[in-house]
Amino acid sequence: MTTRAAEVLVIGSGAGGATTAAVLAEGGRSVTVLEEGPALEPGSVEPFSLDELARAYRHRGSSAALGAPPIAYAEGRCVGGSTEVNSGLWNRLPEPLGERWRVERGLAEFTPAILDRYADLVEGWLGVGRVPGALPPSSAVLERGAQAMGWRHEEFPRAFRYDDRGRGTKQTMSRSVLPRATSAGADLIAGMRVHRLVLSGGRAVAVEAVRTHPDGSREDVTITADHVVVCGGAVQTPALLQRSGLRRGIGPGLKVHPTVKVVARVPEVLDHDDVPMERITEFAPSIAIGGSASRRGHLGLALSDAGVDPMGLLDDWEHRFVYYACIRSDAGGRVRAIPGVPTPLVTYRLTDADMSRLARGLVHLGEALLAAGATELHASATGAPVARSVADLGVWWDALDRKRANLMTVHLTSSVRMTERPDEGGVDSFGAVRGVDNLRVSDASILPEAPGVNPQAAIMTLAARNADHLLGSL
Amino acid sequence: MLGYERKVVDALSSTTDPDERTAVVAWVEGSLAAMPELLRAGVALGSVVLGLWASATGKEGHRLVEALEASPLPPVRLHLRLLRSLVLFGDLELAPGARP
(Lines give C-alpha, C1' and ligand atoms only; values in the text may rest on other atoms or scores of the structure.)
Protein backbone atom coordinates (compact mmCIF):
# COMPACT_ATOMS: atom_id res chain seq x y z
CA MET A 1 0.00 0.00 0.00
CA THR A 2 1.34 3.39 -1.03
CA THR A 3 0.10 6.62 0.50
CA ARG A 4 0.36 9.99 -1.16
CA ALA A 5 -0.99 13.45 -0.46
CA ALA A 6 -2.38 16.15 -2.70
CA GLU A 7 -3.77 19.62 -2.24
CA VAL A 8 -6.24 19.34 -5.11
CA LEU A 9 -6.94 15.92 -6.54
CA VAL A 10 -8.53 15.81 -10.00
CA ILE A 11 -9.97 12.43 -10.97
CA GLY A 12 -10.06 12.11 -14.75
CA SER A 13 -8.00 13.82 -17.45
CA GLY A 14 -10.57 14.44 -20.19
CA ALA A 15 -12.13 17.76 -21.19
CA GLY A 16 -13.33 18.50 -17.65
CA GLY A 17 -10.35 17.19 -15.72
CA ALA A 18 -7.64 18.67 -17.93
CA THR A 19 -9.29 22.10 -17.89
CA THR A 20 -9.80 21.99 -14.14
CA ALA A 21 -6.18 21.01 -13.61
CA ALA A 22 -4.84 23.73 -15.91
CA VAL A 23 -6.84 26.54 -14.28
CA LEU A 24 -5.90 25.46 -10.77
CA ALA A 25 -2.24 24.74 -11.51
CA GLU A 26 -1.79 28.03 -13.34
CA GLY A 27 -3.51 29.66 -10.38
CA GLY A 28 -0.73 28.43 -8.18
CA ARG A 29 -2.33 25.42 -6.57
CA SER A 30 -0.69 22.03 -6.16
CA VAL A 31 -2.66 19.69 -8.40
CA THR A 32 -2.54 15.93 -8.91
CA VAL A 33 -4.45 14.43 -11.84
CA LEU A 34 -5.38 10.73 -11.79
CA GLU A 35 -6.27 8.96 -15.03
CA GLU A 36 -7.51 5.39 -15.15
CA GLY A 37 -6.35 4.71 -18.68
CA PRO A 38 -2.88 4.66 -20.21
CA ALA A 39 -0.80 7.57 -21.43
CA LEU A 40 -0.58 7.30 -25.22
CA GLU A 41 1.94 9.28 -27.19
CA PRO A 42 -0.03 11.87 -29.21
CA GLY A 43 -0.30 10.67 -32.79
CA SER A 44 0.77 7.12 -31.94
CA VAL A 45 -2.69 5.62 -32.45
CA GLU A 46 -4.36 5.61 -35.86
CA PRO A 47 -7.74 7.37 -35.62
CA PHE A 48 -10.82 5.12 -35.85
CA SER A 49 -8.71 1.94 -36.04
CA LEU A 50 -8.89 -1.35 -34.14
CA ASP A 51 -5.73 -0.28 -32.36
CA GLU A 52 -7.47 2.86 -31.15
CA LEU A 53 -10.47 0.87 -29.95
CA ALA A 54 -8.22 -1.50 -28.04
CA ARG A 55 -5.95 1.10 -26.46
CA ALA A 56 -7.91 4.32 -26.08
CA TYR A 57 -11.52 3.24 -25.48
CA ARG A 58 -13.22 1.82 -22.43
CA HIS A 59 -14.49 -1.70 -23.14
CA ARG A 60 -13.09 -1.35 -26.68
CA GLY A 61 -16.07 0.88 -27.42
CA SER A 62 -18.57 -1.91 -26.73
CA SER A 63 -20.85 -0.45 -24.08
CA ALA A 64 -24.61 -0.17 -24.16
CA ALA A 65 -27.38 1.57 -22.30
CA LEU A 66 -30.04 -1.07 -21.77
CA GLY A 67 -33.58 -0.28 -22.87
CA ALA A 68 -35.97 -0.77 -25.74
CA PRO A 69 -34.12 -0.29 -27.97
CA PRO A 70 -30.69 -0.51 -26.36
CA ILE A 71 -28.29 2.30 -27.26
CA ALA A 72 -24.65 1.44 -27.92
CA TYR A 73 -22.19 4.00 -26.63
CA ALA A 74 -18.47 4.59 -26.45
CA GLU A 75 -16.20 6.38 -23.98
CA GLY A 76 -12.53 7.23 -24.17
CA ARG A 77 -10.27 5.72 -21.50
CA CYS A 78 -6.77 7.14 -21.73
CA VAL A 79 -4.92 10.29 -20.77
CA GLY A 80 -7.02 13.03 -22.38
CA GLY A 81 -10.22 10.98 -22.17
CA SER A 82 -12.73 11.15 -24.99
CA THR A 83 -11.03 14.19 -26.52
CA GLU A 84 -8.40 11.76 -27.79
CA VAL A 85 -10.94 9.81 -29.83
CA ASN A 86 -13.69 12.26 -30.76
CA SER A 87 -13.99 14.35 -33.90
CA GLY A 88 -12.98 17.60 -32.22
CA LEU A 89 -16.13 19.41 -33.34
CA TRP A 90 -16.55 22.58 -31.34
CA ASN A 91 -19.91 24.10 -30.46
CA ARG A 92 -20.29 26.67 -27.75
CA LEU A 93 -23.28 26.12 -25.50
CA PRO A 94 -26.26 27.56 -27.42
CA GLU A 95 -27.19 30.83 -25.69
CA PRO A 96 -30.93 30.13 -25.40
CA LEU A 97 -30.15 26.82 -23.71
CA GLY A 98 -27.77 28.46 -21.25
CA GLU A 99 -30.39 31.06 -20.45
CA ARG A 100 -33.00 28.38 -19.88
CA TRP A 101 -30.68 26.52 -17.51
CA ARG A 102 -29.96 29.73 -15.63
CA VAL A 103 -33.68 30.39 -15.09
CA GLU A 104 -35.03 26.88 -14.63
CA ARG A 105 -32.16 25.58 -12.50
CA GLY A 106 -31.51 28.84 -10.66
CA LEU A 107 -27.86 28.76 -11.73
CA ALA A 108 -25.70 31.54 -10.36
CA GLU A 109 -23.21 33.45 -12.51
CA PHE A 110 -24.47 31.77 -15.65
CA THR A 111 -24.91 34.74 -17.96
CA PRO A 112 -23.77 34.77 -21.60
CA ALA A 113 -21.02 37.27 -20.78
CA ILE A 114 -19.54 35.03 -18.11
CA LEU A 115 -19.80 31.88 -20.20
CA ASP A 116 -18.27 33.65 -23.19
CA ARG A 117 -15.31 34.76 -21.10
CA TYR A 118 -14.44 31.17 -20.22
CA ALA A 119 -15.21 29.89 -23.70
CA ASP A 120 -12.76 32.49 -25.04
CA LEU A 121 -10.16 31.29 -22.56
CA VAL A 122 -10.30 27.63 -23.51
CA GLU A 123 -10.59 28.38 -27.23
CA GLY A 124 -7.40 30.38 -26.91
CA TRP A 125 -5.71 27.37 -25.37
CA LEU A 126 -6.89 24.98 -28.05
CA GLY A 127 -7.05 26.92 -31.26
CA VAL A 128 -10.45 26.54 -32.83
CA GLY A 129 -10.92 26.94 -36.55
CA ARG A 130 -12.44 25.78 -39.79
CA VAL A 131 -10.82 23.68 -42.47
CA PRO A 132 -8.81 25.90 -44.82
CA GLY A 133 -9.80 25.63 -48.47
CA ALA A 134 -12.60 23.62 -50.00
CA LEU A 135 -14.72 21.21 -47.99
CA PRO A 136 -13.71 17.55 -48.25
CA PRO A 137 -16.07 15.50 -50.47
CA SER A 138 -17.87 13.83 -47.54
CA SER A 139 -18.73 17.26 -46.12
CA ALA A 140 -19.64 18.62 -49.54
CA VAL A 141 -22.35 15.93 -49.84
CA LEU A 142 -24.14 17.39 -46.81
CA GLU A 143 -23.67 20.95 -48.04
CA ARG A 144 -25.04 20.05 -51.45
CA GLY A 145 -28.01 18.21 -49.97
CA ALA A 146 -28.91 21.05 -47.64
CA GLN A 147 -28.64 23.62 -50.41
CA ALA A 148 -30.85 21.55 -52.69
CA MET A 149 -33.44 21.25 -49.94
CA GLY A 150 -33.18 24.93 -49.00
CA TRP A 151 -32.15 23.99 -45.47
CA ARG A 152 -29.81 25.78 -43.08
CA HIS A 153 -26.38 24.24 -42.80
CA GLU A 154 -22.95 25.24 -41.58
CA GLU A 155 -19.41 24.05 -41.30
CA PHE A 156 -18.71 23.58 -37.61
CA PRO A 157 -15.36 24.69 -36.28
CA ARG A 158 -13.12 22.16 -34.66
CA ALA A 159 -10.49 22.11 -31.96
CA PHE A 160 -7.81 21.81 -34.62
CA ARG A 161 -4.72 23.78 -35.50
CA TYR A 162 -3.80 23.96 -39.17
CA ASP A 163 -0.35 24.48 -40.59
CA ASP A 164 0.58 26.54 -43.67
CA ARG A 165 -0.18 23.58 -45.92
CA GLY A 166 -3.64 23.13 -44.44
CA ARG A 167 -2.79 20.00 -42.49
CA GLY A 168 -4.75 19.86 -39.27
CA THR A 169 -3.80 18.49 -35.87
CA LYS A 170 -6.57 17.83 -33.40
CA GLN A 171 -6.00 19.62 -30.15
CA THR A 172 -6.72 16.80 -27.77
CA MET A 173 -6.20 17.33 -24.07
CA SER A 174 -2.91 15.43 -24.20
CA ARG A 175 -1.66 17.82 -26.88
CA SER A 176 -2.95 21.08 -25.50
CA VAL A 177 -4.40 21.55 -22.04
CA LEU A 178 -2.65 18.83 -20.05
CA PRO A 179 0.79 20.15 -21.04
CA ARG A 180 -0.33 23.55 -19.71
CA ALA A 181 -1.26 21.93 -16.43
CA THR A 182 1.95 19.95 -16.07
CA SER A 183 4.07 22.94 -17.12
CA ALA A 184 2.46 24.80 -14.22
CA GLY A 185 3.44 21.99 -11.87
CA ALA A 186 0.52 19.58 -11.97
CA ASP A 187 1.35 15.93 -11.43
CA LEU A 188 -0.34 13.55 -13.90
CA ILE A 189 -0.55 9.86 -13.00
CA ALA A 190 -1.87 7.39 -15.58
CA GLY A 191 -3.12 3.87 -14.89
CA MET A 192 -4.78 4.88 -11.62
CA ARG A 193 -8.35 3.66 -11.11
CA VAL A 194 -10.12 5.25 -8.16
CA HIS A 195 -12.48 2.83 -6.47
CA ARG A 196 -13.86 4.95 -3.69
CA LEU A 197 -13.78 8.33 -2.02
CA VAL A 198 -13.21 8.18 1.71
CA LEU A 199 -15.72 10.52 3.39
CA SER A 200 -15.38 11.67 6.96
CA GLY A 201 -16.94 14.56 8.84
CA GLY A 202 -18.65 15.91 5.75
CA ARG A 203 -15.42 15.98 3.76
CA ALA A 204 -13.70 13.80 1.16
CA VAL A 205 -10.48 13.14 3.00
CA ALA A 206 -8.87 10.60 0.67
CA VAL A 207 -9.37 8.32 -2.30
CA GLU A 208 -8.64 4.62 -2.54
CA ALA A 209 -7.21 3.55 -5.88
CA VAL A 210 -5.35 0.82 -7.68
CA ARG A 211 -2.47 1.76 -9.91
CA THR A 212 -1.60 -0.47 -12.83
CA HIS A 213 2.01 -0.05 -13.88
CA PRO A 214 3.21 -0.44 -17.49
CA ASP A 215 4.58 -3.91 -16.63
CA GLY A 216 1.10 -5.00 -15.52
CA SER A 217 1.82 -5.07 -11.79
CA ARG A 218 -0.75 -3.51 -9.50
CA GLU A 219 -0.43 -1.41 -6.40
CA ASP A 220 -3.03 -0.24 -3.88
CA VAL A 221 -2.77 3.48 -3.36
CA THR A 222 -4.43 5.86 -0.89
CA ILE A 223 -4.20 9.55 -1.63
CA THR A 224 -5.24 12.13 0.92
CA ALA A 225 -6.47 15.44 -0.44
CA ASP A 226 -7.64 18.84 0.70
CA HIS A 227 -9.98 19.14 -2.25
CA VAL A 228 -11.29 16.58 -4.73
CA VAL A 229 -12.74 17.28 -8.17
CA VAL A 230 -14.32 14.29 -9.92
CA CYS A 231 -14.16 14.50 -13.72
CA GLY A 232 -14.80 10.94 -14.88
CA GLY A 233 -17.65 11.64 -17.30
CA ALA A 234 -21.37 10.99 -17.20
CA VAL A 235 -21.06 7.26 -16.51
CA GLN A 236 -17.96 6.89 -14.34
CA THR A 237 -18.51 9.95 -12.14
CA PRO A 238 -21.92 8.96 -10.74
CA ALA A 239 -20.71 5.38 -10.36
CA LEU A 240 -17.74 6.52 -8.25
CA LEU A 241 -19.90 8.82 -6.14
CA GLN A 242 -22.43 6.04 -5.56
CA ARG A 243 -19.69 3.58 -4.60
CA SER A 244 -18.60 6.17 -2.05
CA GLY A 245 -22.06 6.32 -0.48
CA LEU A 246 -23.35 9.46 -2.22
CA ARG A 247 -26.70 8.92 -3.89
CA ARG A 248 -28.86 12.02 -3.66
CA GLY A 249 -29.29 13.32 -7.19
CA ILE A 250 -26.44 11.09 -8.36
CA GLY A 251 -27.19 8.81 -11.31
CA PRO A 252 -30.71 9.68 -12.54
CA GLY A 253 -31.32 12.14 -15.32
CA LEU A 254 -28.73 10.71 -17.70
CA LYS A 255 -29.13 12.20 -21.16
CA VAL A 256 -27.73 11.06 -24.48
CA HIS A 257 -28.09 12.07 -28.11
CA PRO A 258 -29.70 8.95 -29.63
CA THR A 259 -28.36 8.55 -33.13
CA VAL A 260 -29.56 6.68 -36.21
CA LYS A 261 -27.35 6.15 -39.23
CA VAL A 262 -27.60 5.85 -42.99
CA VAL A 263 -25.01 4.45 -45.38
CA ALA A 264 -25.15 6.48 -48.57
CA ARG A 265 -23.69 5.58 -51.93
CA VAL A 266 -22.74 8.59 -54.06
CA PRO A 267 -21.23 8.83 -57.55
CA GLU A 268 -17.96 10.42 -56.41
CA VAL A 269 -15.13 8.90 -54.43
CA LEU A 270 -15.22 10.15 -50.83
CA ASP A 271 -12.58 10.85 -48.22
CA HIS A 272 -12.53 8.26 -45.42
CA ASP A 273 -9.78 9.41 -43.08
CA ASP A 274 -11.82 11.98 -41.18
CA VAL A 275 -15.38 12.89 -40.26
CA PRO A 276 -17.39 15.57 -42.09
CA MET A 277 -17.45 18.93 -40.36
CA GLU A 278 -20.53 20.11 -42.25
CA ARG A 279 -23.82 19.88 -40.39
CA ILE A 280 -27.43 20.41 -41.41
CA THR A 281 -28.90 22.67 -38.74
CA GLU A 282 -32.37 23.21 -40.20
CA PHE A 283 -33.99 21.12 -37.46
CA ALA A 284 -31.68 22.09 -34.60
CA PRO A 285 -31.69 21.80 -31.69
CA SER A 286 -34.11 18.85 -31.72
CA ILE A 287 -32.43 17.08 -34.66
CA ALA A 288 -28.86 17.40 -35.93
CA ILE A 289 -27.61 15.84 -39.16
CA GLY A 290 -23.97 15.09 -39.88
CA GLY A 291 -21.48 12.39 -40.80
CA SER A 292 -19.33 9.97 -38.87
CA ALA A 293 -16.29 7.72 -39.16
CA SER A 294 -16.52 5.66 -42.34
CA ARG A 295 -13.64 3.28 -42.66
CA ARG A 296 -14.52 -0.07 -44.22
CA GLY A 297 -15.22 -1.51 -40.78
CA HIS A 298 -17.65 1.25 -39.90
CA LEU A 299 -19.39 0.92 -43.26
CA GLY A 300 -19.67 -2.82 -42.76
CA LEU A 301 -21.17 -2.42 -39.31
CA ALA A 302 -23.65 0.21 -40.46
CA LEU A 303 -24.74 -1.95 -43.41
CA SER A 304 -25.07 -4.91 -41.08
CA ASP A 305 -27.28 -2.78 -38.84
CA ALA A 306 -29.53 -2.34 -41.87
CA GLY A 307 -29.91 -6.09 -42.01
CA VAL A 308 -28.06 -6.61 -45.27
CA ASP A 309 -24.93 -8.63 -46.03
CA PRO A 310 -22.32 -5.90 -46.32
CA MET A 311 -19.63 -7.85 -48.13
CA GLY A 312 -21.08 -7.56 -51.60
CA LEU A 313 -21.82 -3.88 -51.08
CA LEU A 314 -18.31 -2.97 -50.03
CA ASP A 315 -16.68 -3.58 -53.40
CA ASP A 316 -17.30 0.11 -54.04
CA TRP A 317 -16.76 1.20 -50.46
CA GLU A 318 -14.89 4.32 -51.53
CA HIS A 319 -18.22 5.68 -52.80
CA ARG A 320 -20.05 4.96 -49.54
CA PHE A 321 -20.18 6.95 -46.33
CA VAL A 322 -21.97 6.84 -42.98
CA TYR A 323 -24.18 9.82 -42.18
CA TYR A 324 -26.36 10.26 -39.13
CA ALA A 325 -29.29 12.04 -37.54
CA CYS A 326 -29.19 12.53 -33.78
CA ILE A 327 -31.83 13.97 -31.51
CA ARG A 328 -32.26 15.70 -28.20
CA SER A 329 -34.44 13.21 -26.40
CA ASP A 330 -37.24 13.75 -23.91
CA ALA A 331 -36.27 10.52 -22.21
CA GLY A 332 -33.84 10.05 -19.39
CA GLY A 333 -31.63 7.27 -18.20
CA ARG A 334 -29.87 6.21 -15.08
CA VAL A 335 -26.43 5.08 -13.98
CA ARG A 336 -26.37 2.55 -11.14
CA ALA A 337 -23.26 1.24 -9.42
CA ILE A 338 -23.68 -2.47 -8.69
CA PRO A 339 -21.91 -3.74 -5.57
CA GLY A 340 -18.98 -5.98 -6.49
CA VAL A 341 -19.14 -5.11 -10.18
CA PRO A 342 -16.64 -2.55 -11.52
CA THR A 343 -18.80 -1.32 -14.41
CA PRO A 344 -22.11 0.39 -13.60
CA LEU A 345 -25.43 -0.54 -15.13
CA VAL A 346 -26.67 2.09 -17.56
CA THR A 347 -30.30 2.21 -18.66
CA TYR A 348 -32.16 4.55 -21.00
CA ARG A 349 -35.85 4.62 -21.92
CA LEU A 350 -36.73 6.41 -25.10
CA THR A 351 -40.22 7.91 -25.26
CA ASP A 352 -42.61 7.44 -28.16
CA ALA A 353 -41.92 11.08 -29.05
CA ASP A 354 -38.20 10.30 -29.18
CA MET A 355 -38.80 7.38 -31.54
CA SER A 356 -40.93 9.61 -33.73
CA ARG A 357 -38.25 12.31 -33.71
CA LEU A 358 -35.61 9.75 -34.68
CA ALA A 359 -37.77 8.57 -37.57
CA ARG A 360 -38.23 12.17 -38.70
CA GLY A 361 -34.48 12.69 -38.51
CA LEU A 362 -33.90 9.55 -40.51
CA VAL A 363 -36.28 10.63 -43.25
CA HIS A 364 -34.84 14.17 -43.39
CA LEU A 365 -31.35 12.70 -43.60
CA GLY A 366 -32.51 10.50 -46.47
CA GLU A 367 -34.05 13.49 -48.24
CA ALA A 368 -30.83 15.50 -47.98
CA LEU A 369 -28.65 12.64 -49.19
CA LEU A 370 -30.87 11.89 -52.17
CA ALA A 371 -30.97 15.60 -53.02
CA ALA A 372 -27.16 15.55 -52.91
CA GLY A 373 -27.10 12.83 -55.56
CA ALA A 374 -26.96 9.66 -53.47
CA THR A 375 -28.15 6.65 -55.42
CA GLU A 376 -28.63 4.14 -52.62
CA LEU A 377 -29.36 4.51 -48.91
CA HIS A 378 -29.35 1.88 -46.16
CA ALA A 379 -30.81 2.89 -42.80
CA SER A 380 -29.69 1.36 -39.50
CA ALA A 381 -33.02 -0.30 -38.84
CA THR A 382 -33.06 -4.04 -39.39
CA GLY A 383 -35.06 -4.82 -42.50
CA ALA A 384 -35.61 -1.21 -43.53
CA PRO A 385 -35.92 -1.20 -47.32
CA VAL A 386 -33.12 0.33 -49.34
CA ALA A 387 -34.08 3.81 -50.53
CA ARG A 388 -33.26 5.00 -54.04
CA SER A 389 -35.84 7.76 -54.33
CA VAL A 390 -37.80 10.08 -52.07
CA ALA A 391 -40.84 7.84 -52.54
CA ASP A 392 -38.90 4.99 -50.90
CA LEU A 393 -38.37 7.03 -47.75
CA GLY A 394 -42.02 6.81 -46.76
CA VAL A 395 -41.65 3.34 -45.32
CA TRP A 396 -38.76 4.46 -43.10
CA TRP A 397 -41.27 6.18 -40.81
CA ASP A 398 -42.55 2.76 -39.76
CA ALA A 399 -39.26 0.88 -40.12
CA LEU A 400 -37.67 2.62 -37.18
CA ASP A 401 -39.54 0.90 -34.36
CA ARG A 402 -38.27 -0.26 -30.98
CA LYS A 403 -37.57 -3.80 -32.19
CA ARG A 404 -35.66 -2.90 -35.33
CA ALA A 405 -33.87 0.39 -34.58
CA ASN A 406 -30.11 0.08 -34.14
CA LEU A 407 -29.05 3.17 -32.24
CA MET A 408 -25.82 4.52 -30.83
CA THR A 409 -24.46 7.61 -29.14
CA VAL A 410 -21.14 9.16 -28.23
CA HIS A 411 -22.54 12.00 -26.09
CA LEU A 412 -23.57 11.17 -22.53
CA THR A 413 -24.42 13.93 -20.08
CA SER A 414 -26.51 15.07 -17.11
CA SER A 415 -26.26 12.21 -14.61
CA VAL A 416 -25.17 14.58 -11.77
CA ARG A 417 -27.01 17.73 -12.83
CA MET A 418 -26.07 21.22 -11.79
CA THR A 419 -28.93 23.05 -10.05
CA GLU A 420 -29.73 25.23 -7.08
CA ARG A 421 -32.83 23.09 -6.51
CA PRO A 422 -31.51 20.15 -4.49
CA ASP A 423 -34.29 17.77 -5.52
CA GLU A 424 -33.40 18.17 -9.20
CA GLY A 425 -29.73 17.30 -9.31
CA GLY A 426 -26.54 16.37 -7.54
CA VAL A 427 -24.40 19.53 -7.50
CA ASP A 428 -24.82 23.30 -7.13
CA SER A 429 -24.14 26.06 -9.64
CA PHE A 430 -20.38 25.48 -9.43
CA GLY A 431 -20.29 21.70 -9.29
CA ALA A 432 -20.08 21.39 -5.49
CA VAL A 433 -21.57 18.16 -4.15
CA ARG A 434 -24.13 18.92 -1.48
CA GLY A 435 -23.21 17.76 1.98
CA VAL A 436 -19.50 17.26 1.23
CA ASP A 437 -17.57 20.48 1.76
CA ASN A 438 -14.54 19.86 -0.42
CA LEU A 439 -15.93 17.70 -3.22
CA ARG A 440 -16.83 18.93 -6.68
CA VAL A 441 -17.80 17.45 -10.02
CA SER A 442 -16.74 19.01 -13.31
CA ASP A 443 -17.50 17.05 -16.46
CA ALA A 444 -20.36 16.17 -18.81
CA SER A 445 -22.41 14.82 -15.93
CA ILE A 446 -23.17 18.30 -14.55
CA LEU A 447 -24.80 19.62 -17.73
CA PRO A 448 -28.49 19.98 -16.86
CA GLU A 449 -29.49 18.59 -20.27
CA ALA A 450 -27.91 17.21 -23.41
CA PRO A 451 -27.00 20.32 -25.40
CA GLY A 452 -27.99 19.02 -28.84
CA VAL A 453 -24.45 19.60 -30.10
CA ASN A 454 -21.02 18.13 -29.36
CA PRO A 455 -20.65 18.88 -25.63
CA GLN A 456 -16.87 19.31 -25.40
CA ALA A 457 -16.98 23.11 -25.57
CA ALA A 458 -19.69 23.31 -22.91
CA ILE A 459 -17.78 20.90 -20.66
CA MET A 460 -14.53 22.84 -20.95
CA THR A 461 -16.24 26.21 -20.51
CA LEU A 462 -18.02 25.11 -17.34
CA ALA A 463 -14.91 23.36 -16.03
CA ALA A 464 -12.88 26.57 -16.44
CA ARG A 465 -15.61 28.60 -14.75
CA ASN A 466 -16.00 26.15 -11.88
CA ALA A 467 -12.25 25.79 -11.36
CA ASP A 468 -11.92 29.57 -11.26
CA HIS A 469 -14.65 29.64 -8.61
CA LEU A 470 -12.84 26.99 -6.60
CA LEU A 471 -9.57 28.87 -6.99
CA GLY A 472 -11.22 31.95 -5.52
CA SER A 473 -12.29 29.99 -2.47
CA LEU A 474 -8.89 28.45 -1.67
CA MET B 1 -14.41 -17.02 -25.39
CA LEU B 2 -16.80 -19.91 -24.92
CA GLY B 3 -16.81 -22.90 -27.24
CA TYR B 4 -20.14 -22.00 -28.79
CA GLU B 5 -18.96 -18.45 -29.42
CA ARG B 6 -15.82 -19.75 -31.13
CA LYS B 7 -17.93 -21.95 -33.42
CA VAL B 8 -20.14 -19.04 -34.43
CA VAL B 9 -17.15 -16.76 -34.96
CA ASP B 10 -15.56 -19.41 -37.17
CA ALA B 11 -18.74 -19.68 -39.19
CA LEU B 12 -19.16 -15.93 -39.54
CA SER B 13 -15.64 -14.96 -40.51
CA SER B 14 -15.17 -14.60 -44.24
CA THR B 15 -11.40 -14.38 -43.96
CA THR B 16 -9.59 -17.29 -45.60
CA ASP B 17 -6.01 -16.39 -44.73
CA PRO B 18 -5.11 -18.42 -41.59
CA ASP B 19 -3.11 -15.62 -39.98
CA GLU B 20 -5.87 -13.09 -40.58
CA ARG B 21 -8.43 -15.54 -39.23
CA THR B 22 -6.36 -16.01 -36.09
CA ALA B 23 -6.15 -12.24 -35.70
CA VAL B 24 -9.92 -11.87 -36.15
CA VAL B 25 -10.63 -14.55 -33.54
CA ALA B 26 -8.19 -12.85 -31.16
CA TRP B 27 -9.91 -9.51 -31.78
CA VAL B 28 -13.34 -10.97 -31.01
CA GLU B 29 -12.01 -12.77 -27.95
CA GLY B 30 -10.41 -9.58 -26.64
CA SER B 31 -13.56 -7.57 -27.30
CA LEU B 32 -15.77 -10.04 -25.46
CA ALA B 33 -13.36 -10.02 -22.53
CA ALA B 34 -13.37 -6.21 -22.49
CA MET B 35 -17.17 -5.89 -22.40
CA PRO B 36 -18.84 -4.47 -19.30
CA GLU B 37 -19.17 -7.33 -16.81
CA LEU B 38 -22.97 -7.38 -16.74
CA LEU B 39 -23.26 -7.33 -20.50
CA ARG B 40 -20.63 -10.05 -20.81
CA ALA B 41 -22.51 -12.16 -18.28
CA GLY B 42 -25.70 -11.81 -20.30
CA VAL B 43 -23.91 -12.72 -23.52
CA ALA B 44 -22.23 -15.70 -21.87
CA LEU B 45 -25.55 -16.94 -20.50
CA GLY B 46 -27.02 -16.69 -23.98
CA SER B 47 -24.05 -18.57 -25.38
CA VAL B 48 -24.48 -21.41 -22.90
CA VAL B 49 -28.19 -21.76 -23.69
CA LEU B 50 -27.67 -21.53 -27.44
CA GLY B 51 -24.72 -23.89 -27.22
CA LEU B 52 -26.92 -26.50 -25.57
CA TRP B 53 -29.59 -25.96 -28.20
CA ALA B 54 -27.04 -26.23 -31.03
CA SER B 55 -25.69 -29.47 -29.58
CA ALA B 56 -29.17 -30.91 -29.17
CA THR B 57 -30.15 -30.08 -32.74
CA GLY B 58 -26.76 -30.94 -34.25
CA LYS B 59 -26.52 -27.60 -36.01
CA GLU B 60 -23.04 -26.32 -36.86
CA GLY B 61 -21.31 -23.86 -39.15
CA HIS B 62 -23.44 -22.02 -41.68
CA ARG B 63 -26.50 -24.11 -40.87
CA LEU B 64 -26.25 -22.90 -37.30
CA VAL B 65 -25.94 -19.28 -38.39
CA GLU B 66 -28.90 -19.62 -40.74
CA ALA B 67 -31.01 -21.10 -37.96
CA LEU B 68 -30.05 -18.27 -35.60
CA GLU B 69 -30.87 -15.67 -38.25
CA ALA B 70 -34.28 -17.22 -38.77
CA SER B 71 -35.10 -17.43 -35.07
CA PRO B 72 -38.44 -15.87 -34.08
CA LEU B 73 -36.87 -14.85 -30.75
CA PRO B 74 -35.37 -11.32 -30.84
CA PRO B 75 -32.73 -12.06 -28.13
CA VAL B 76 -31.37 -14.91 -30.27
CA ARG B 77 -31.00 -12.62 -33.25
CA LEU B 78 -29.49 -9.90 -31.03
CA HIS B 79 -26.92 -12.37 -29.71
CA LEU B 80 -25.95 -13.32 -33.23
CA ARG B 81 -25.84 -9.67 -34.25
CA LEU B 82 -23.35 -8.88 -31.52
CA LEU B 83 -20.97 -11.64 -32.59
CA ARG B 84 -21.46 -10.79 -36.24
CA SER B 85 -20.59 -7.13 -35.59
CA LEU B 86 -17.34 -8.03 -33.85
CA VAL B 87 -16.36 -10.50 -36.56
CA LEU B 88 -17.30 -8.14 -39.36
CA PHE B 89 -15.32 -5.25 -37.93
CA GLY B 90 -12.33 -7.51 -37.43
CA ASP B 91 -12.62 -9.04 -40.90
CA LEU B 92 -12.79 -5.65 -42.57
CA GLU B 93 -10.26 -3.76 -40.49
CA LEU B 94 -7.66 -6.52 -40.35
CA ALA B 95 -7.81 -7.16 -44.09
CA PRO B 96 -4.96 -5.80 -46.22
CA GLY B 97 -5.66 -2.28 -47.42
CA ALA B 98 -8.12 -1.48 -44.65
CA ARG B 99 -6.52 1.88 -43.95
CA PRO B 100 -8.10 4.74 -45.84
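Convention: sequence-line order gives letters A, B, ...; per-chain numbering from 1. When reading the values below, keep in mind they use all heavy atoms of this one structure, side chains included, and skip hydrogens, waters and symmetry mates.
- The minimum heavy-atom distance linking Arg60(A) with Ala34(B) is given by the pair CG-CB, 3.9 Å.
- Only the side chain of Ser14(B) has a heavy atom closer than 4.5 Å to any heavy atom of chain A.
- In this structure, Leu38(B) CG and Arg336(A) CZ are separated by 11.5 Å, a value rounded to the nearest 0.5 Å.
- Around CD of Glu60(B), the count of heavy atoms belonging to other residues, nucleotides or ligands within 6.0 Å does not exceed 12.
- Of the listed residues Met35(B), Glu69(B), Glu37(B), the one with more heavy-atom pairs under 4.5 angstrom with chain A than any other is Glu37(B).
- The minimum heavy-atom distance between Thr343(A) and Pro36(B), with the atom names listed, is CG2-CB, 3.6 Å.
- Looking only at side-chain heavy atoms (C-beta outward), Trp317(A) and Leu92(B) stay at 4.5 Å or farther from each other.
- Considering only heavy atoms from C-beta on, Leu88(B) comes within 4.5 Å of Met311(A) through its side chain.
- The CZ atom of Phe89(B) lies 12.0 Å from the OG atom of Ser304(A); values are rounded to the nearest 0.5 Å.
- In this structure, chain B has a heavy atom under 4.5 Å from the side chain of Pro310(A), while its backbone stays farther away.
- Heavy-atom distances place both the backbone and the side chain of Ala64(A) under 4.5 Å from chain B.
- For the pair Arg81(B) and Asn406(A), the minimum side-chain heavy-atom distance is below 4.5 Å.
- When all heavy atoms are compared, the tightest approach of Trp27(B) to Ala54(A) is CZ3-CB, 4.4 Å.
- In this structure, OG in Ser62(A) is found 8.5 Å from CG in Leu32(B), a value given to the nearest 0.5 Å.
- Contact annotation for Ile338(A): only side-chain heavy atoms (C-beta onward) come within less than 4.5 Å of a heavy atom of chain B.
- Looking at Arg296(A) and Glu93(B), no side-chain N of the basic residue comes within less than 4.0 Å of a carboxylate O on the acidic one, giving no salt bridge.
- Taking CG of Leu39(B) as the reference point, atom OG of Ser63(A) lies at 7.0 Å (rounded to 0.5 Å).
- Between Leu50(A) and Leu94(B), some side-chain heavy-atom pair lies under the 4.5 Å cut-off.
- Highest contact tally toward chain A, considering only Pro74(B), Ser85(B), Gly30(B), is held by Gly30(B) [criterion: heavy-atom pairs under 4.5 Å].
- The 12-atom threshold is not exceeded at CZ of Arg349(A), counting heavy atoms of other residues, nucleotides or ligands nearer than 6.0 Å.
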